[in-house]
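All values reported here derive from a predicted model rather than from experimental measurement.
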Amino acid sequence: LRVAQLQKLVALTAPGSVFNGEEFEITLHYENNTNQEFRNVRVRMDYPPIFRFVKSNITPDGTGNTLWTFTTLKAGERGDITIRGSALGPEQSFFSMTGELTSDFLGQTYTVSSQTASVNISQAPLSVRATINGAGPDYVARVADLLQYTISYRNNSNVTFQDLTVKARLTGELYDF
């Protein structure tokens with residue numbers, strides 16, 4: 001094995017920025033660009049607590065949606081794991097994700113390659129907030145209370161929006177029209 005080649009075995013592609021709660025894709029490209037076969041290969045993703053895994057093109061092993069195991073990775077073999085998820089955190093903050101490829105050599109497990117990607121949570125161009133009876137999110141209504149809903153919205157961008165429609169749907173078994 002040539003050590004200089006090992007740095008390119010994992011490439012992680014993620015968007016530079018996403019909106020809060022918006023689904024996005026991460027692609028983890030893995031490749032064995034050596035002339036040796038790798039055995040017991042594990043590709044692992046390390047997500048921050050604010051990341052919510054939705055799905056991937058290859059089913060992860062076990063629980064946690066962070067591990068993909070391959071019996072062998074032959075010389076020249078390559079592939080992609082595409083992960084879809086979302087992040088919910090403070091706007092204008094950054095979070096990092098790391099992709100790592102490990103393999104067994106001479107009875108030991110070694111990290112062969114890893115890469116980290118940073119993603120910015122951008123401010124949403126439009127923000128919406130709903131309140132009931134002018135109270136905060138902890139308001140608890142009682143039976144027979146008259147409820148007054150207020151929907152507030154704000155343009156956070158420099159773009160002028162036209163012909164916007166705000167719709168609200170009240171649902172629930174205790175809702176009485």
Side-chain angles (χ1 to χ4, degrees), residues 10-30 42-70 79-102 111 113-177:
V10 169
L12 191 60
T13 305
S17 65
V18 297
F19 293 124
N20 223 352
E22 173 189 42
E23 285 190 11
F24 61 94
E25 287 187 350
I26 309 154
T27 302
L28 191 141
H29 176 78
Y30 58 92
R42 288 164 298 287
V43 176
R44 180 180 307 278
M45 279 296 299
D46 182 28
Y47 313 115
I50 65 169
F51 181 79
R52 183 180 66 85
F53 178 93
V54 173
K55 67 179 182 175
S56 63
N57 65 327
I58 300 173
T59 304
D61 298 334
T63 60
N65 300 313
T66 61
L67 180 67
W68 293 263
T69 305
F70 305 94
D80 291 315
I81 299 172
T82 303
I83 301 159
R84 179 170 273 289
S86 64
L88 194 57
E91 291 183 348
Q92 304 300 333
S93 65
F94 284 86
F95 64 93
S96 296
M97 298 172 288
T98 301
E100 176 182 80
L101 186 141
T102 62
T111 298
S113 184
S114 69
Q115 185 177 10
T116 299
S118 291
V119 179
N120 171 257
I121 297 179
S122 297
Q123 183 176 23
L126 194 64
S127 59
V128 178
R129 189 177 132 219
T131 59
I132 302 173
N133 293 351
D138 297 329
Y139 177 77
V140 177
R142 292 187 304 263
V143 174
D145 275 0
L146 178 63
L147 304 178
Q148 180 179 356
Y149 293 85
T150 304
I151 299 174
S152 305
Y153 56 94
R154 187 173 110 190
N155 182 353
N156 298 322
S157 72
N158 295 327
V159 176
T160 301
F161 292 104
Q162 296 179 0
D163 300 323
L164 289 178
T165 303
V166 177
K167 292 183 179 183
R169 180 179 305 174
L170 303 175
T171 61
E173 296 195 19
L174 296 178
Y175 178 69
D176 181 11
F177 309 53

Could you report the tightest heavy-atom contact between S122 and N120, atom names first, then the distance? OG-OD1, 3.2 Å
Pairs involving residues 128-150, ordered by first then second residue, that meet salt bridge (Lys or Arg N to Asp or Glu O under 4.0 Å) (sequence neighbours left out): none
Atom OG1 of T66 and atom CZ of R44: how far apart are they, to the nearest 0.5 Å? 5.0 Å
From E91 atom CD to S17 atom OG, the distance as rounded to the nearest 0.5 Å: 11.5 Å
Check whether N20 reaches the backbone of P90 with its side chain - one donor and one acceptor, N or O, closer than 3.5 Å. no
Between G21 and S86, the two heavy atoms sitting closest are O-CB, 3.6 Å
Could you check whether any side-chain N or O of N133 sits under 3.5 Å from a backbone N or O of Q148, counting only pairs where one atom can act as donor and the other as acceptor? yes
Report yes if the side chains of Y139 and L147 come closer than 4.5 Å at any heavy-atom pair, otherwise no. yes
For the pair Y149 (side chain) and A168 (backbone), establish whether a donor and an acceptor sit closer than 3.5 Å, ignoring hydrogens and angles. no
Is there a side-chain contact between I83 and F51 in this structure, where contact means two heavy atoms from C-beta onward sitting under 4.5 Å apart? yes
Return yes if some donor-acceptor pair links the side-chain N/O of W68 with the main-chain N/O of I58 below 3.5 Å, else return no. yes
Using every non-hydrogen atom in the two residues, find where A87 and F24 come nearest and quote the distance to one decimal. N-CE2, 3.9 Å
Taking side chain to side chain donor-acceptor pair (under 3.5 Å) as the cut-off, I'd like each qualifying pair that reaches into residues 53-62, sequence neighbours left out, listed once. D61-T69
How long is the span from the CD atom in Q115 to the CG atom in L28, to the nearest 0.5 Å? 8.5 Å
How close do V10 and G99 get, counting heavy atoms only, and between which atoms? CG1-O, 4.0 Å
Taking the side chain as every heavy atom from C-beta outward, state whether I50 and I121 have any atom pair closer than 4.5 Å. yes
For the residue pair Y47 and G64, what are the closest heavy atoms and their distance? CE1-O, 4.4 Å
Supply the atom-to-atom distance L126 CG to N156 CG, rounded to the nearest 0.5 angstrom. 7.0 Å
To the closest 0.5 Å, what do you measure between CG (L88) and CZ (R52)? 9.5 Å
Does Y30 reach the side chain of S113, with side-chain heavy atoms less than 4.5 Å apart? no
State the CG-CD distance between L12 and E100, to the nearest 0.5 angstrom. 12.0 Å
Can you find a pair of side-chain heavy atoms, one from M97 and one from V119, that are under 4.5 Å apart? yes
Which pair of heavy atoms, one from V18 and one from P15, lies closest together, and at what distance? CG1-CG, 3.6 Å
